[in-house]
Amino acid sequence: MKIIVRKDLTLNELYKTQVRNALVSWFLEEKRDLPWRKTKDPYKIWVSEVMLQQTKVDTVIPYYERFIAKYPSLESLAHAKEEELLKEWEGLGYYSRARNLQAGVREVVDSYGSIVPNTRKDISALKGVGPYTAGAVLSIAYGVPEHAVDGNVMRVLSRLLLIKEDIAKPKTKKIFEEAVMELIDEDNPSAFNQGLMELGALICTPTKPKCLLCPVREYCTAFFEGMQDQLPIKTINKKTKVHKMKAVVIRDEHGRVLLEKRPSKGLLANMWQFPMVELPTATHTIEEVIEHDYGIDIVRGEELIAFKHVFSHLVWEMESFEGKLLLEKELPAACKWFAIDEISNQPMPVPILKIWNAWKEKN
DNA sequence: AACTCGTGGTA
DNA sequence: TTACCAAGAGT
């Protein structure tokens, strides 16, 4: 067997044909039965691709089912209230995905007659649709031969074609996009693109790839060289910074609970939380900082739970307490009192849900 | 280009 | 426990 890989990634025609046929045949035979594979509705494919960004298939499945049941069409999502939308997204993370998805959907409803555009130029202009999602929707929903390069595809192709560039570098992705356009099956770009990702998920895994089960093993340069465990090349990232946070579940004389809506940009944007302060030093008490930040006097009650919550780039070392309102002066506009049975209707991030669940168990 | 933006699972 | 990962996009 002789594998020919030129530096410009132009590949031998016979090699390309054999690889794409082996990959597509394997995918059609072995593909998992996933909910978004039962439809070609561009909207539903779009929803699934956004949910799957940086998120495991097993995590996405129940969210996708609930989301499509609640928002079965572009119009239904376009008309949804943001708080209800975020509630559906609660626990899935990367919440700007949800708001960007709705913004993109509204663009399609308003400017494209509710037809998801079928060119890379137009679909890429939609909010939240980047190079990957554009190619995924185009190829899977419309059968357009466009690249959809994600982490799986870079790992698979780095091994198949022995590409040693650092996949952590943004500009490296272009190499893989060109490689996909060289290899892609123009008769079935949907199965080809999904096949690359499915292969990465099931066979060509980050560690311990199952090469003996691989449908393209005989075409794989890394396997031929015994280098599959050395690829892809990926530089490591830095460590996260720790924030010591203290949250308080404050009740007023009516038994209502105080929530605060986070700013519309940044971490956990537009999500609700309990009043929370960061205490890097011990120079002030929680009551003092709460009074300063929220314009209310409280008395601190019993401790609820303490835990560490790890985000992608920072850590909250969280402590939480009960609190009782003594005096309300100038409540910030982002704050609002809620009856107990209304709390669960507000979209809250996982660490806040943890505190709320601890409070409910105690009370 | 480098940094921001969640969460749960795994070695 | 630490580290890394998983169908990326916005800034």
Side-chain angles (χ1 to χ4, degrees), chain A residues 27 31-32 34-37 45-64 86 89-101 103-104 123-141 147-156 166-174 176-177 180 190 192-202 204-208 232 234-242 262-271 273 307-316 347-354:
Chain A
F27 175 73
K31 64 179 176 181
R32 289 168 292 177
L34 302 174
W36 45 88
R37 287 180 177 163
I45 301 297
W46 183 5
V47 170
S48 74
E49 291 301 341
V50 172
M51 286 187 170
L52 285 162
Q53 289 167 12
Q54 300 292 286
T55 311
K56 302 268 199 204
V57 165
D58 289 344
T59 302
V60 167
I61 289 174
Y63 282 91
Y64 174 84
L86 286 175
W89 211 270
E90 184 182 84
L92 198 51
Y94 288 137
Y95 299 99
S96 65
R97 289 185 298 177
R99 290 181 291 113
N100 288 338
L101 172 62
I123 200 171
S124 296
L126 301 172
K127 196 68 70 70
V129 178
Y132 165 77
T133 304
V137 174
L138 290 172
S139 61
I140 297 171
H147 58 78
V149 175
D150 69 342
N152 284 310
V153 173
M154 288 197 283
R155 181 173 61 258
V156 169
D166 180 2
I167 66 169
K169 305 282 188 189
K171 90 186 222 186
T172 303
K173 194 166 67 171
K174 192 167 2 161
F176 291 95
E177 290 170 347
V180 169
S190 170
F192 180 85
N193 280 340
Q194 290 186 81
L196 282 177
M197 293 187 276
E198 194 82 338
L199 192 67
L202 301 180
C204 197
T205 45
T207 59
K208 300 180 181 177
K234 186 178 184 181
T235 55
I236 48 168
N237 46 2
K238 57 186 185 338
K239 50 176 172 273
T240 57
K241 191 183 177 188
V242 176
R262 294 179 60 87
S264 59
K265 289 181 181 289
L267 184 68
L268 305 172
N270 287 356
M271 302 294 277
Q273 65 181 17
F307 57 92
K308 183 182 297 186
H309 186 81
V310 180
F311 295 93
S312 46
H313 60 295
L314 59 91
V315 177
W316 280 358
M348 301 188 292
V350 165
I352 302 303
L353 289 169
K354 270 192 192 174

Tell me, yes or no, whether the heavy-atom count around A:K354 atom NZ, taken from other residues, nucleotides or ligands under 6.0 Å, exceeds 12.
yes
Is there a side-chain polar atom (N or O) of A:R155 under 4.0 Å from OP1 or OP2 of C:dA6?
yes
Quick check on B:dG6: is either OP1 or OP2 less than 4.0 Å from any side-chain nitrogen or oxygen of A:H309?
no
Given [options], which nucleotide is nearest the side-chain atoms of [X]?
X: A:Y95; options: C:dA9, B:dG8, B:dG6; value: B:dG6
X: A:P206; options: B:dG6, C:dC5, B:dT7; value: C:dC5
X: A:D150; options: B:dC5, B:dG8, C:dG8; value: C:dG8
X: A:K308; options: B:dA2, C:dT2, B:dT7; value: C:dT2
X: A:K173; options: C:dA6, C:dA9, C:dC5; value: C:dA9
X: A:H313; options: B:dG6, B:dC5, C:dG10; value: B:dC5
X: A:T55; options: C:dA6, B:dT7, B:dG6; value: B:dG6
X: A:K127; options: B:dT7, C:dA6, C:dG10; value: C:dG10
X: A:F311; options: B:dC5, B:dT7, C:dA6; value: B:dT7
X: A:Y94; options: B:dG6, B:dT7, C:dA6; value: B:dG6

Over all strands shown, is [X] touching base, sugar-phosphate only, or nothing at heavy-atom distances under 4.0 angstrom?
X: A:R32; answer: base
X: A:N100; answer: sugar-phosphate
X: A:L101; answer: nothing
X: A:G200; answer: nothing
X: A:S48; answer: nothing
X: A:V129; answer: sugar-phosphate
X: A:W36; answer: base

For nucleotides B:dA1 and C:dA9, find the distance between their C1' atoms and express it as a whole number of Å.
15 Å
Identify, between A:A269 and A:K208, the residue whose nearest nucleotide on DNA chain B lies closer to the 5' end.
A:A269
Just by modelled atom types, is the A:T59 backbone N or O under 3.5 Å from a matching donor or acceptor in the A:Y64 side chain?
no
Any donor-acceptor pair under 3.5 Å linking the side chain of A:T55 with the backbone of A:Q53?
yes
Is the distance between the ring centroids of A:H309 and A:F311 under 6.0 Å?
yes
A:P347 pairs by side-chain contact (heavy atoms from CB on, under 4.5 Å) with which of A:L86, A:N270, A:L353?
A:L86
